[in-house]
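No experiment lies behind these values; they were computed from the predicted model shown. Lettering follows sequence order; numbering is per chain, from 1. What's counted below: heavy atoms across the whole structure, side chains too, no hydrogens, waters or symmetry copies.
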Number of protein chains: 2
Amino acid sequence: MESTRTRIRRATINDVASAAGLSRGTVSRVVNGERYVSEDAKLAVEEAILRVGYVRNSVARNLVRQESGAIGLIIHEPHSLLFEDPNIGSILLGANAVLSAADYQLVSLIIDSERDSRRVADYLQGGLVDGAVIVSARASDPIALAVKNLGVPAAFVGHPPGIPDIPYVAIDNAAAAEAITARLLGTGRTRVAMIACALDRDSGQDRLAGFKAAMGDLFDPGLVVEYPLYTYGFGLEGMQELLRRRPDLDGVFAASDAVAAGAMTALQESGRQVPEDVGIVGFDDSSWALRCRPQLSTVRQPADLLGKRAAELVLAQIRGLPSPAEVLETSVMWRGSA
Amino acid sequence: MESTRTRIRRATINDVASAAGLSRGTVSRVVNGERYVSEDAKLAVEEAILRVGYVRNSVARNLVRQESGAIGLIIHEPHSLLFEDPNIGSILLGANAVLSAADYQLVSLIIDSERDSRRVADYLQGGLVDGAVIVSARASDPIALAVKNLGVPAAFVGHPPGIPDIPYVAIDNAAAAEAITARLLGTGRTRVAMIACALDRDSGQDRLAGFKAAMGDLFDPGLVVEYPLYTYGFGLEGMQELLRRRPDLDGVFAASDAVAAGAMTALQESGRQVPEDVGIVGFDDSSWALRCRPQLSTVRQPADLLGKRAAELVLAQIRGLPSPAEVLETSVMWRGSA
DNA sequence: ATGCGTTCTGTGAACGCTCCCAGAATCGGG
DNA sequence: CCCGATTCTGGGAGCGTTCACAGAACGCAT
C-alpha cells in the first residue's frame with residue numbers, strides 16, 4: 001500500500017488563481033498588498049482564498065526571497081532558566097520587544113546536550129533565521145564558530161573571551177563587583193568573604209576579579225569558595241563552608257542574588273544577625289533581592305536592556321549598518337543587608 | 001546604484017558538484033549519507049564541500065520535502081517565565097528532551113502582544129514547523145484556532161475549556177487541591193483560608209473548586225482572597241489581607257508555592273509561628289518548597305513530564321498514531337509547614 | 001486616427017534542493 | 001562471451017513562491 005501519511009494537500013496560490021479565474025501573479029499581488037490590482041480582481045481573489053482555504057507557504061516564500069524574517073535566540077544554559085536566574089527571561093522579553101516592533105519573529109533555541117548543539121548550529125546555518133542573539137555562550141562555543149563561519153548576523157549577550165569580530169552587549173562585571181565590594185568594606189568590615197560561581201564564564205571570572213581588586217591587601221584566598229552555578233543551593237552550602245573555615249567573618253559578597261539568598265538563610269540559621277554580625281551583598285537586582293529579609297544590597301544590571309540592545313545589534317547588521325559592541329551601565333542598590 | 005545588501009552568495013549543491021566533477025544527484029546522496037555512492041565519489045564530494053565552503057540550505061530542502069523537522073512551543077505568558085513560575089522551564093526542558101531524541105528541533109515562540117499572536121499564528125500555519133506544543137493557552141485563543149484551522153499536529157499543556165479535538169496533557173488540579181486541603185484539615189485546623197490566583201485559567205479555577213470541595217461545611221467565602229497571578233508578591237499581600245480579616249485563622253492553602261512563600265513571610269513578620277499557629281500548604285513542589293523555613297508541604301506536579309508527554313502527543317500525530325489526552329498523577333509532599 | 005502614459009494582468013525564470021527514472025559500469029555465473 | 005543482477009551516476013521534474021518583464025486595456029491629449 002501507500003504511505004500511511006495522507007496529510008491533506010494544502011491549497012496553493014495556483015488553486016486560488018484558478019478558483020478566482022485569475023493568474024498566480026495577481027493572487028500574489030493581492031496577498032502581499034501590492035499596487036496595481038483592480039478592485040474586482042482583489043475581491044475575487046479574497047473570496048477564492050476563503051473558499052479554498054488558502055494560507056501562504058512561508059517556506060517557499062523564504063526560499064525565493066532568501067530571507068526568513070526570523071531571528072534566533074540561543075540559550076546555552078537552559079537550567080538557569082528553571083530555577084535561579086531571572087535574567088534570561090528579561091533578556092528574552094527585551095529582545096522580543098525590539099524584534100516584534102521590527103516585525104521579526106523571535107525563535108528561541110535551547111541547547112541542553114551535544115546533540116542539541118549540532119542541531120542548532122545546522123538550524124542557524126541553514127537559512128532558517130536571518131540572524132541570532134547568543135546568550136551565555138562559553139569560550140570555544142561550536143555555535144559561535146558556526147555563526148562566524150557563514151557570517152550570520154549575530155550578537156552576544158555577555159562577552160565570552162576568545163571570540164573576536166562578533167559584536168556584543170555586556171556589563172562591566174569586574175567594575176561592578178569592585179564597586180559593591182568597596183561599598184561593603186566601607187561599612188567597616190575587614191574579614192570579607194566571597195562565594196564565587198560559574199568561573200567557566202566571563203561573568204563569574206570578572207566578578208571574582210573585581211572582588212580581589214577591591215579587597216587589595218585584605219584579600220585572603222581562604223575566604224573564597226567556588227561553585228559551578230549561580231544557585232540558592234550553592235549559596236547555602238558555600239556560606240556553611242565559609243562559616244566553618246572562618247566563624248569570625250563579618251562580610252560576604254555573593255556572586256548573584258540567588259546565591260546571596262541561600263547565604264542569608266545559612267547565616268540566619270547559624271544564629272547570626274544580618275547586617276549586624278555579617279553584612280551581605282549580591283549581584284543582579286533580581287526579584288530575589290526584595291524577597292530577602294532584610295532586603296538585599298546588590299548590583300542592578302539592566303537585563304531587559306541587554307536583550308533589547310543585542311536585538312538591535314543584529315538588526316543593524318542585517319541592514320548593513322555599523323554595530324559596535326556596547327557596555328551598559330550598572331549601579332549599586334543599597335538596602336538593608338549590609 | 002545597486003542595493004547596499006551585498007551578502008556573499010552561498011555555495012550551492014551545484015557549486016559542489018562542478019568543483020567535484022560530479023552531478024547534483026551524487027552530491028545530494030553524499031550529503032544525506034545514502035547508499036550507492038562509490039568511495040572515490042564520496043571523497044571527492046567531501047573535499048569539494050570543504051573547498052567551496054558548502055552548507056546545506058534547509059529552506060530549499062524543507063520545501064521539497066514538505067516538512068521542517070521542527071516543533072514549535074508556544075508560551076503565552078512570558079512574564080511567568082521571569083519570576084515566579086518554574087514550571088514553564090521544566091516543561092520546556094522535558095519537551096526538548098523528547099524532541100531532541102527524535103531529532104526534531106524545538107523552537108520556542110513567545111506571545112507578549114496582540115501583534116505577536118498574529119505573527120506566531122502565521123509562523124505555525126506557514127509550514128515552518130511540523131507541529132506545536134501550546135502552553136498556558138487561554139480560552140478562545142487565536143493560536144488554538146489557527147492550529148485547528150490547518151490541522152497542524154498539536155497538543156496542549158493544561159486543559160483550556162472550550163477547545164475540543166486537540167489532545168492535551170494535564171493534571172487534575174481540583175482533585176489535588178482537595179487532597180492537600182483535606183490533609184491540612186486533618187491536622188485539626190478549622191479556620192482555613194485560601195489565596196486563590198489566576199482565576200482566568202483552568203488551573204486557578206480548579207484549585208479553588210477543589211479547596212471548596214474539601215472544606216465542605218467549613219467553607220467561608222470571607223476566607224478566600226483572589227489575585228491575578230501566581231506570585232510571591234500576591235502571596236505576601238494576600239496573607240496580610242487575610243490576617244486583617246480573620247486574625248484567628250489557623251490554616252492557609254496558597255494556590256502555588258511562590259504564593260505560599262510570600263504568605264509564609266507575611267505570617268512570620270506578623271509574629272506567628274509556622275506550623276504551630278498557622279499551617280500552610282502550597283502547590284507545584286517547585287524549588288520554592290525546599291527553600292522555605294520550615295519547608296513547604298505541597299502538591300507535587302510533574303512539570304517536566306507534562307512537557308515530555310505533550311511532545312510525545314505531537315510526534316504521535318505526525319506519525320499517524322493515536323494521541324489520547326492524558327491526565328498525570330500528582331502526589332502530596334508532606335513537610336514541615338503544616 | 002495616432003501616440004503616450006498609466007494601470008492592470010499573465011507568464012517564464014528563478015530560488016536550492018530531493019526524488020525518481022534511465023542508463024552506464026561492474027561483476028560473477030553459466 | 002553473453003546475460004542478469006547489482007552498484008553507481010546524471011539529469012529532468014517539481015516543491016510554492018516572488019520577481020521582472022511583456023503586453024493588454026484604458027484614458028487623454030495631440
Which distance, rounded to the nearest 0.5 Å, do you find between the CG of L63(B) and the CG of N62(A)? 10.0 Å
Are there any protein N/O atoms within less than 3.5 Å of an N/O atom in nucleotides 23-28 of chain C, and if so, which ones and at what distance?
none

Any side-chain N or O of S28(B) under 4.0 Å from OP1/OP2 of dT18(C)? yes
Would a distance-only check, ignoring hydrogens and angles, find a side-chain to backbone donor-acceptor pair under 3.5 Å from D202(B) to H159(B)? yes
For the side-chain contact (heavy atoms from CB on, under 4.5 Å) test, which of V147(B), I111(B), V135(B) pairs with I74(B)? I111(B)
Examine dT18(D): is either OP1 or OP2 under 4.0 Å from a nitrogen or oxygen in the side chain of N32(A)? Give yes or no. yes
Using atom CG of L63(B) as one end and atom P of dG16(C) as the other, report the distance to the nearest whole Å. 12 Å
Taking N or O atoms only and anything under 3.5 Å, show me the protein contacts with nucleotides 5-14 of chain D, one pair per line.
| unit_1 | atom_1 | unit_2 | atom_2 | d |
| --- | --- | --- | --- | --- |
| dT7(D) | OP2 | Y36(B) | OH | 3.3 |
| dT9(D) | OP1 | S38(B) | OG | 2.7 |
| dT9(D) | OP2 | S38(B) | N | 3.1 |
| dG10(D) | OP2 | S23(B) | N | 2.8 |
| dG10(D) | OP2 | S23(B) | OG | 3.2 |
| dG10(D) | OP2 | T26(B) | OG1 | 3.2 |
| dG10(D) | N7 | R29(B) | NH2 | 3.3 |
| dG12(D) | N7 | R24(B) | NH2 | 3.0 |
| dG12(D) | O6 | R24(B) | NH2 | 2.3 |
| dA13(D) | N6 | R24(B) | NH2 | 3.1 |

Side-chain N or O of R65(A) versus OP1/OP2 of dC19(D): is the shortest distance under 4.0 Å? yes
Partners of S58(A) by side chain to side chain donor-acceptor pair (under 3.5 Å), sequence neighbours excluded? none
Give a yes or no on whether the backbone of G69(B) and the side-chain of D130(B) come within a donor-acceptor separation of less than 3.5 Å. yes
Do any side-chain nitrogens or oxygens of R61(B) fall under 4.0 Å of OP1 or OP2 in dT18(C)? yes
With five pairs defining each end axis, the helix from dA1(C)-dT30(D) to dG30(C)-dC1(D) comes out bent, to 10°, by 60°
Mind checking N62(A) for me? I need base, sugar-phosphate or nothing, with any heavy atom below 4.0 Å counting as a touch. nothing
Quick one: does R10(A)'s side chain have a donor or acceptor within less than 3.5 Å of a partner on V55(A)'s backbone? yes
Provide, to the nearest angstrom, the distance between the CG atom belonging to L128(A) and the P atom belonging to dC15(C). 19 Å
Is D116(A) salt-bridged to R119(A), cutoff N-O under 4.0 Å? yes
Pair D122(A) + R56(B): basic N to acidic O under 4.0 Å: no
Under 3.5 Å, side-chain donor or acceptor atoms of residues 44-52 of chain A against the rest of the protein: list the pairs with distances, not counting sequence neighbours.
| unit_1 | atom_1 | unit_2 | atom_2 | d |
| --- | --- | --- | --- | --- |
| E47(A) | OE1 | R51(A) | NH2 | 3.3 |
| E47(A) | OE2 | R51(A) | NE | 2.8 |
| R51(A) | NH2 | A19(A) | O | 3.2 |

Expressed in angstrom and rounded to an integer, what is the separation of E34(A) atom CD from dC19(D) atom P? 7 Å
Rounded to whole Å, the CD-P distance (Q66(B) to dT18(C)) equals 14 Å
Whole angstroms only, please: what is the CD-P distance between E67(A) and dT17(D)? 17 Å
Residues pairing under side-chain hydrogen bond (donor to acceptor under 3.5 Å, both in side chains) where one sits in residues 13-22 of chain B, two or more places apart or in two chains, turn out to be R9(B)-D15(B)
